[in-house]
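To start, the structure itself, in C-alpha cells.
Quick caveat, the model's predicted, so the values are computed rather than measured.
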Amino acid sequence: MPLTIGVPREVFPGEKRVATVPDVVEKLIKLGFSVAVESGAGDAANFSDETYRAAGAQITEDAAKLWAASDIVFKVRAPNAGEVAMMREGTTLISFIWPAQNPELMQQLAARKVTVLAIDSLPRTLSRAQKMDALTSQAGVAGYRAVIEAANAFGRFFSGQVTAAGKIPPAKVFIAGAGVAGLAAIGTAAGLGAIVRANDTRAEVADQVVSLGGEFVKVDYEEEGSGGGGYAKVMSEGFQKAQREMYARQAKEVDIIITTALIPGKPAPKLITAEMVKSMKPGSVIVDMAAEQGGNCELTEPGQVVVKHGVTIVGYTDLVSRLSKQSSTLYSNNLLRLTEELCKTKDGIINVNMEDDAIRGLTVIKGGEVTWPPPAPKLPPAPAAKPAAAAAAPTAKKGGHGHGAASEPTSGTTMAIMFGVAAALFWAIGAYAPAAFLGHFTVFVLACFVGYMVVWNVTPSLHTPLMSVTNAISSIIAIGALVQIAPPLTAGVERPGDMIRWLAVAGIVLTTINMFGGFAVTRRMLAMFRK
C-alpha cells in the first residue's frame, strides 16, 4: 500500500518556510505517494491551501491527526517535544535535526522507535548528493538575503554614480568567509555595483571569488584551511592573529562587513572585535550571518538590529525564512530528490538502504536505534598498477635472435643510412626535375616540416591553442593561393592556367570559411569564462 507523506505547519517561532510546495506535491504523487498537508502550512510562504488541493494534496485541519496518519513526515525545523509525542512507531522523519547539538532530541526520537533522516548530515563530499544538499541551497538564499539586508540598512547606493547633483562613490563590501553563503553574497553585492573584497581560510576559493567579481584578500600567514566535509577548519593561533590584523585594516576602509564563518557543532568564532567596530566609519553596516550560534561580531545581539558606535549591526537569525517562498521551493526540491533515491521503484514505498553511502550518512536513527555518527564513507578501490612493460619484457642479448628479444631503439647507424637515402633522393630530384617543379617541391617539403612541428607536436590538452595554429596555417594557404591567381612575372616561368587559378580561388574561399569559423568558435569559448 502506498505510503502517506505528511507536511505539518512549522511551529518554531518566526519560521515561515514549508517543507513541500504544490509543484513538488504533484511529483510526489507521481512517485506513488499520497500527500497530506496541515491547513495553513504554506501560508507564510505564499502557498495557500487551495494551491495544495489543486496539486492533489489532502488538507488536514488537526495537526495530531496529520502526525498520526503520516508514514513519512517532511519538516524544516527539528520537531519539539510536543511534535515528537504525536509521532507513532515506525514513522520516517526527514528534517533538519543537527544530532550533535541535540542529544536529548535524539533520545526522544529513538524512544518513539522511528527512523530519522537528518538532511543536515548528508555527506557533502559525494558528487551525486549535491541534488539533495539542503545546506547548500539554504546557504545560497541566506547569502543573497544578507546583502539585501545590508543594502536596506546602508545609507547610500551600492554602485558609484556621477549625477548632476554630485558624485556618489561605490560602496565597499568585505565578506568574511567564501563558502556557499559567502559566494552568494559576493555575486549579489558585485551585481549591485559595489567594490567587493573577501577572505577565506581556504586558499582554493580565491579563483571563485575573483570569478564572481570580488577581490580575494589574503592573510599574510601560510596555513592550509580546508577541513572535512567541505567546511573550513579551526586555524592556529598564529593564523588567527594575522587574520585579525587583516580584518582590522579592512574595517577601517570598507562600508559594509558580512560575516559567514561558522563550523557546525561549534560556537561561531569571534572575528570582528568591539575595537574594529569603533574604527568603522559612521553609517557602516555589519551583517552577522552566524548570529544564531553567537555571532562573529562581539557586539552582535542575536535576532536584533542594533546600532553601536554609529555602526548598524544586523543579527537576524532567520535570513533564509525572510525569503520563504524561494527557500521553501529549493528545500522541497532537495527532499524530492532524496525521496526519488528512497523510492527508485516509484511505487510509493521507500527503502532506507544502509549500504548506500548517501542514505547511510543521512540516517541518524533507524527503527529506534541511533546510528549516528555514520562510519567513514567507503573509498573507491585503488586502480590496479599497470605492469611496467619495459621491466617485464626479457632483455635481449647482444647478437641474440630469439623470439623473446625486445626491440631496441633506432641505432645511430640506421639513422645515418636513412638520412643518406633521403639526401640521395633530394639530389636526384634536384638534378633531373624541372625548375618549376623544384620550387614547388621545396615549398611542399618545408610545409610538411613546419606542419609537423606546429600541429603534430601539440599535446591533446592544448587543442584550443591548436585552433589558432590552424588559422595561421590557413593564412599561409590563402597567401599561396593569391600568388597562384596573380603570380609575379618571372622570366622563363609559365603563368598558371585557368584551372589552377580557379582551384586557387576555391582554396581562398574554403580557407576564409575555416579562418572565420575558427575565430568565431574561439570567441564563443572565451566568452564562457567571462562574467
Side-chain angles (χ1 to χ4, degrees), residues 1-12 14-80 82-97 114-119 131-132 134 137-138 141 320-321 323-352 362:
M1 181 177 177
L3 302 180
T4 298
I5 296 175
V7 184
R9 182 182 355 198
E10 298 295 324
V11 296
F12 188 87
E15 181 57 69
K16 299 179 180 179
R17 289 173 292 177
V18 62
T20 296
V21 301
D23 287 344
V24 172
V25 167
E26 297 178 355
K27 297 173 182 177
L28 291 172
I29 293 174
K30 289 180 181 179
L31 288 175
F33 299 97
S34 59
V35 181
V37 180
E38 183 181 352
S39 179
D43 287 350
N46 296 317
F47 297 110
S48 65
D49 291 348
E50 287 71 22
T51 59
Y52 282 106
R53 284 196 185 93
Q58 302 173 2
I59 302 299
T60 303
E61 298 290 340
D62 190 346
K65 290 182 179 179
L66 176 75
W67 282 89
S70 299
D71 302 295
I72 306 168
V73 176
F74 284 0
K75 270 185 61 60
V76 178
R77 294 274 186 169
N80 59 25
E83 290 175 317
V84 173
M86 289 189 288
M87 297 181 69
R88 59 181 175 81
E89 183 177 335
T91 302
T92 298
L93 171 66
I94 304 177
S95 174
F96 281 102
I97 299 295
V114 298
T115 297
V116 180
L117 276 68
I119 198 70
K131 60 185 178 182
M132 302 178 278
S137 67
Q138 302 303 287
V141 175
V320 179
S321 190
L323 279 173
S324 56
K325 186 168 187 176
Q326 181 66 76
S327 55
S328 297
T329 301
L330 294 175
Y331 181 69
S332 61
N333 281 325
N334 294 139
L335 296 193
L336 171 64
R337 300 310 173 198
L338 172 58
T339 307
E340 290 174 343
E341 292 292 321
L342 295 171
C343 181
K344 295 183 177 180
T345 54
K346 298 183 180 181
D347 57 356
I349 305 295
I350 64 172
N351 174 30
V352 182
L362 285 166

Are Leu117 and Ile119 close enough, and set up right, to give a side chain to side chain contact (heavy atoms under 4.5 Å, CB included), and what steps lead you there? CA-CA 6 Å; Leu117 276 68; Ile119 198 70; over 6 Å; no

Looking at the rings of Phe74 and Tyr331, which for Trp means the six-membered one, are their centres under 6.0 Å apart? no

Taking all heavy atoms of [X] and all of [Y], pick out the closest pair and write down the distance.
X	Y	value
Gly32	Pro2	O-CB, 3.0 Å
Val25	Ala57	CG1-CB, 3.8 Å
Arg88	Ala68	NE-O, 2.6 Å
Arg77	Ser95	O-OG, 3.1 Å
Met1	Ile349	O-CD1, 3.1 Å
Gly14	Ser321	O-OG, 3.3 Å

[X] [atom1] to [Y] [atom2] distance, which is reported to the nearest 0.5 Å:
X	Y	atom1	atom2	value
Glu340	Leu28	CD	CG	8.5 Å
Glu89	Thr115	CD	OG1	10.0 Å
Arg53	Thr51	CZ	OG1	10.0 Å
Lys131	Asn333	NZ	CG	12.0 Å
Ser39	Gln58	OG	CD	13.5 Å
Glu38	Asp49	CD	CG	9.5 Å

Check each of Val37, Thr60, Val18, Leu66 against Pro8 using the side-chain contact (heavy atoms from CB on, under 4.5 Å) test, and report the only one that passes.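 One option only clears the test, and that one is Leu66.
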
Leu342: which of Leu362, Ile94, Leu31 passes side-chain contact (heavy atoms from CB on, under 4.5 Å):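 Of the listed residues Leu362, Ile94, Leu31, the side-chain contact (heavy atoms from CB on, under 4.5 Å) partner of Leu342 is Ile94.
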
Is any side-chain heavy atom of [X] closer than 4.5 Å to a side-chain heavy atom of [Y]?
X	Y	answer
Val7	Tyr52	no
Ile5	Leu3	no
Leu93	Val114	no
Ile97	Pro79	yes
Phe33	Ile350	yes

Tell me if the NZ atom of Lys346 is crowded by more than 12 foreign heavy atoms within 6.0 Å. no

Ser324 (side chain) donor-acceptor with Ala44 (main chain) under 3.5 angstrom: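 Yes; at least one donor-acceptor contact below 3.5 Å.
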
If you apply the rule salt bridge (charged side-chain N to carboxylate O under 4.0 Å, His left out), what do you find for Glu83 with Lys75, and how did you get there? CA-CA 11 Å; Glu83 290 175 317; Lys75 270 185 61 60; 3.5 Å; yes

Can you run down the side chain to side chain donor-acceptor pair (under 3.5 Å) pairs that involve residues 19-35, sequence neighbours left out, and say none if there aren't any?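 Residue pairs with at least one partner in residues 19-35: Thr4-Ser34.
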
List in chain and number order the residues that pass side chain to side chain donor-acceptor pair (under 3.5 Å) with Ser137, two or more places apart in sequence or in another chain; answer none if no residue qualifies.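 Scan of Ser137 (side chain to side chain donor-acceptor pair (under 3.5 Å), adjacent residues dropped) gives Asn334.
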
